[in-house]
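Quick notes on the structure that follows.
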Number of protein chains: 2
Amino acid sequence: MADGVEPGTVRPGGRTARVRQAVLRAAEDALTEQGFTGLDLADIARRAAVGKTTVYRRWGTVTGLVADLLQDMAEQSAPRTETGSLLGDLTANARLVQRTLTDPRQGALFKALIAAATGDAKTAAALHRFYDIRVREWAPCVRQAADRGEVPEGTDPHDVIRAVSAPLYYHLLISGGRLDETAADRAAEAAAIAARAGVFVRGGGKPA
Amino acid sequence: MADGVEPGTVRPGGRTARVRQAVLRAAEDALTEQGFTGLDLADIARRAAVGKTTVYRRWGTVTGLVADLLQDMAEQSAPRTETGSLLGDLTANARLVQRTLTDPRQGALFKALIAAATGDAKTAAALHRFYDIRVREWAPCVRQAADRGEVPEGTDPHDVIRAVSAPLYYHLLISGGRLDETAADRAAEAAAIAARAGVFVRGGGKPA
DNA sequence: CGTCTAACGGGTCTGAAGTTTCGTTAATGG
DNA sequence: CCATTAACGAAACTTCAGACCCGTTAGACG
């Protein structure tokens, strides 16, 4: 037997998958309720009705478990809406993010995920991948705006989408400011205006 | 004797103050090196050459210590620069933030502070206070821009300053994107353009 | 349907985080 | 300079997260 093989890779079907799902859901609940601090794997095992040995063997640490949870979350994507204008699309995105972060459960979960990522490189990589996928999902609306001539040629779609989210996460994590629909609309508007002005043109400084 | 009195409040001079400083510096080092996870008070006590009993008695938990550290950091403010134009001032601010977050020591420290704040309400409040002070320090440059007519009357100075920092923190914590001078300049430019367009006018939606 | 063994799970052990105790040191006020 | 006691610190104690052992369960493959 070749050791160094991660458990769960040889027989990924049936029970193994079931255990993984149960543990990930339990981890989600625990992170939501307890936050990242004061979280132990034994508690998660109890919630998942699974032996704690299993959790320790397969994930080892809390950050490792969070990294796996992020990968699992990345696999389920939510589709975007299309409104026909850049501002409309960005506003839809901003409100989706705002609603997610405002929701008591989801907001707490995302806080915990981000906190976990600050301490561990692998978890950080998983977080980056998760957001990269989300950003990719929304990027087409900027490309369409470029086709319509709403934003300059060469505008980086990813940067525009990220610019919409940034102020909302800043409120959530750092300033503690109100995270209402007005904040979402402002974030979208600011990003749209900056994009139109060519701030997000790849590689270049300002055009005029 | 009235119990319920926090230790260090009756005789705050001499030794008590010396111990506090030593512990806060040690906590800073530990947070920088180890991150928020895997940080224990006994280690901090060792670094500070102080009995661990003292650390547990005065601060109790890691988050409590971080909250005190934030209050200490808030007391030492760095003065802003003035360039005469809104974009110039915002760019100076953005570059200052960018340099701070890029610095290996400071960047790690801020990550740890923010992570700690996600899990504890008191620490979060301390973090909000810290950033509120920083924002207040820079707000006048927006007010001056309003006097010059660069931005509409009623523009919220705080929101503009926060809009500059937001994308930089988003890179640091969430997307993992490059945090170079170009990113800083873009953040400043986007905020300046949005401010000029009236996005940050208090209470109102878009003007035109 | 039966064999093989990957993966799970209960029980036990251990080391370190955190608490309590009590003696020691040094601010504070007169 | 002395008395008072707040605050510190060393060491013993407690608790529990996380590691380990080994028997049990159930996928994979013929």
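Lettering of chains follows the sequences in order, A, B, ..., and the numbering in each one begins at 1. Hydrogens, waters and symmetry mates are skipped; everything else that's a heavy atom, side chains included, is used.
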Could you tell me whether the phosphate oxygens of C:dA27, OP1 or OP2, come under 4.0 Å of any side-chain nitrogen or oxygen in B:Arg18? yes
Backbone of A:Leu179 reached by a side-chain donor or acceptor of A:Thr102 within 3.5 Å: yes
Rounded off to whole Å, could you give me the [atom1]-to-[atom2] distance for the [X] and [N] pair?
| X | N | atom1 | atom2 | answer |
| --- | --- | --- | --- | --- |
| A:Arg15 | D:dA28 | CZ | P | 11 Å |
| B:Arg20 | D:dC8 | CZ | P | 12 Å |
| B:Arg11 | C:dT25 | CZ | P | 15 Å |

Measure the spacing between OG1 of A:Thr118 and CZ of B:Phe110 and express it to the nearest 0.5 Å. 14.0 Å
NZ (A:Lys111) and CG (A:Leu172) are apart, to the nearest 0.5 Å, by 5.5 Å
Side chains of B:Asp89 and B:Thr83: is there a donor and an acceptor less than 3.5 Å apart? yes
For A:Tyr169 and A:Tyr131, which I'm curious about, is there any donor-acceptor pair between the side chains at under 3.5 Å? yes
Tell me which residues in residues 32-59 of chain B lie within less than 4.0 Å of DNA chain D, going by non-hydrogen atoms. B:Val50, B:Gly51, B:Thr53, B:Thr54, B:Arg57, B:Arg58
What are the two closest heavy atoms between [X] and [Y], and how far apart are they?
| X | Y | result |
| --- | --- | --- |
| A:Cys141 | A:Leu90 | SG-CD2, 4.2 Å |
| A:Leu96 | A:Trp138 | CD2-CZ2, 3.9 Å |
| B:Ala45 | B:Val55 | CB-CG2, 3.8 Å |

Quick one: on DNA chain C, does A:Pro7 or B:Gly60 contact a more 5' nucleotide (nearest heavy atom)? A:Pro7
Axial bend angle, the helix from C:dC1-D:dG30 to C:dG30-D:dC1: five-pair end segments, nearest 10°: 60°
Students often get this wrong, so: under 4.0 angstrom with heavy atoms, is B:Thr61 touching a base, only sugar-phosphate, or nothing? nothing
